[in-house]
Protein chains: 2
Amino acid sequence: MNVNFNNRDPVYLQIVRYFKEKIAVGELMPGEEIPSRRELANRMKVNPNTAQRAYKEMEEQGLIYTEKNHPSKITTDRKTLGKVRDELLVEAVDMFVTSVRSINVPVEELLDLVRVKYTANDDKEA
Amino acid sequence: MNVNFNNRDPVYLQIVRYFKEKIAVGELMPGEEIPSRRELANRMKVNPNTAQRAYKEMEEQGLIYTEKNHPSKITTDRKTLGKVRDELLVEAVDMFVTSVRSINVPVEELLDLVRVKYTANDDKEA
DNA sequence: CATAATGTATTAATCATATAATACACCTAA
DNA sequence: TTAGGTGTATTATATGATTAATACATTATG
């Protein structure tokens, strides 16, 4: 449960993203139970209300569901889950392209920069 | 003087970025005068203090300099100017790679996504 | 000289976010 | 049965960043 919060984005959104990443890489399975609001708040050292807000957001997006008096669970809707990875990717690509478009960089130079940086970071995973 | 402000980042930083982009693509030349704080505030419909803060930031980064009672000017230090483009690029690439690393996407898939999106946007420039 | 424009500084107000403190209804499990 | 754990909701407070309002000193320029 390691999350590196930045100061820029709201904490509750960073929590949502944390779960989306877990879903995208398959670490969270359909129907799997996730920590209760209070439990998560303890682990992440945030206020229970912040955890609640994150879960509420995820519920509205259909990523989790909640049965009475049970910790929420990952949705069993495969279609919804399948979209998560693509959405994260598309969102990142869109933001990136938007931010570099104004610089007028040749596409090949841009791709090289990404390739070098991305493969360099592979080391850290090993 | 068209700037599309987003709600996420501080306006004064978006102004700084606006000028950096102009510098990066060579639209602003060394020694060139830029609008006064009040003038810029008028054009961009922001508070003069916001313009002041942006200019102060640029001054601290060595991008502009100010002589008494004259609008600030772009620095004549070519070295400083030359770095701007690279810094914008590296910064964007770093952020992008960081955000997609957690998704474990194959590098070629990632590059394809960027290529498609980036070249698709070329149309809008024409 | 004097008006107006410049940069600069100080203080106040605003705003979103996050946290805090409680409370409530429900249910599980010992 | 009951003690403790669920989710949920409400209200208040704190905090930091941002923006706004205002004032000040300087100087170019007509």
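Chain identifiers are assigned alphabetically (A, B, ...) following the order of the sequence lines, protein sequences preceding nucleic acid strands; residue numbering begins at 1 within each chain. Since the model is a prediction, treat every value here as computed from it, not as a measurement.
Straight-line distance from the CD atom of B:Glu67 to the P atom of D:dT26: 18 Å, rounded to whole Å. Counting to the nearest Å, the C1' atom of D:dG7 and the CZ atom of A:Arg37 are 6 Å from each other. Distance, A:Lys56 NZ to D:dT10 P: 9 Å, rounded to whole Å. We find that CD of B:Gln52 is positioned 15 Å from C1' of C:dA5, with the value rounded to whole Å. In this structure, the CD atom of A:Glu59 is 14 Å from the C1' atom of D:dA9, given to the nearest Å. Counting to the nearest Å, the P atom of D:dT18 and the CD atom of B:Glu57 are 11 Å from each other. We find that CG of B:Leu40 is positioned 17 Å from P of C:dA5, with the value rounded to whole Å. One interatomic measurement links the two molecules: CD1 of A:Ile34 to P of D:dG5, which rounds to 19 Å at whole-angstrom precision.
Each of A:Asn69 and B:Glu39 has a nearest nucleotide on DNA chain C; the 5'-most of these lies closest to B:Glu39.
Checking the phosphate oxygens (OP1, OP2) of C:dA5, no side-chain nitrogen or oxygen of B:Ser36 falls inside 4.0 Å. Between B:Thr66 and C:dG7, a side-chain N or O to OP1/OP2 separation shorter than 4.0 Å is absent. Between A:Arg38 and the phosphate of D:dG5, there is no side-chain N or O to OP1/OP2 separation shorter than 4.0 Å.
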Could you pull out the protein-nucleic contacts involving nucleotides 17-20 of chain C (nitrogen or oxygen on both sides, under 3.5 Å)?
from: C:dA18; atom 1: OP1; to: A:Val11; atom 2: N; distance (Å): 2.0
from: C:dT19; atom 1: OP2; to: A:Thr50; atom 2: OG1; distance (Å): 2.7
from: C:dA20; atom 1: OP2; to: A:Asn47; atom 2: ND2; distance (Å): 3.3
from: C:dA20; atom 1: N7; to: A:Asn49; atom 2: ND2; distance (Å): 2.7
from: C:dA20; atom 1: N6; to: A:Asn49; atom 2: ND2; distance (Å): 3.3

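Between B:Phe19 and B:Tyr55, the ring planes are perpendicular. Angles over 60° get that label, and only those under 30° would be called parallel.
Using a distance-only test at 3.5 Å, with no hydrogens or angles considered, no donor-acceptor pair links the side chain of A:Glu57 to the main chain of A:Ala54. With hydrogens and angles disregarded, no donor-acceptor distance shorter than 3.5 Å links the side chain of B:Arg85 to the backbone of B:Ile23. At least one donor-acceptor pair closer than 3.5 Å links the side chain of B:Glu59 to the backbone N or O of B:Thr66.
Salt bridge B:Arg43/B:Glu39: present, at least one basic N to carboxylate O contact under 4.0 Å. Using a cut-off of 4.0 Å between Lys/Arg side-chain N and Asp/Glu carboxylate O, B:Asp86 and B:Lys83 are scored as not salt-bridged.
In this structure, the nucleotide among D:dA28, D:dT27, C:dC27 sitting nearest to the side chain of B:Lys68 is D:dT27.
A side-chain donor-acceptor contact under 3.5 Å links A:Arg37 and A:Ser72.
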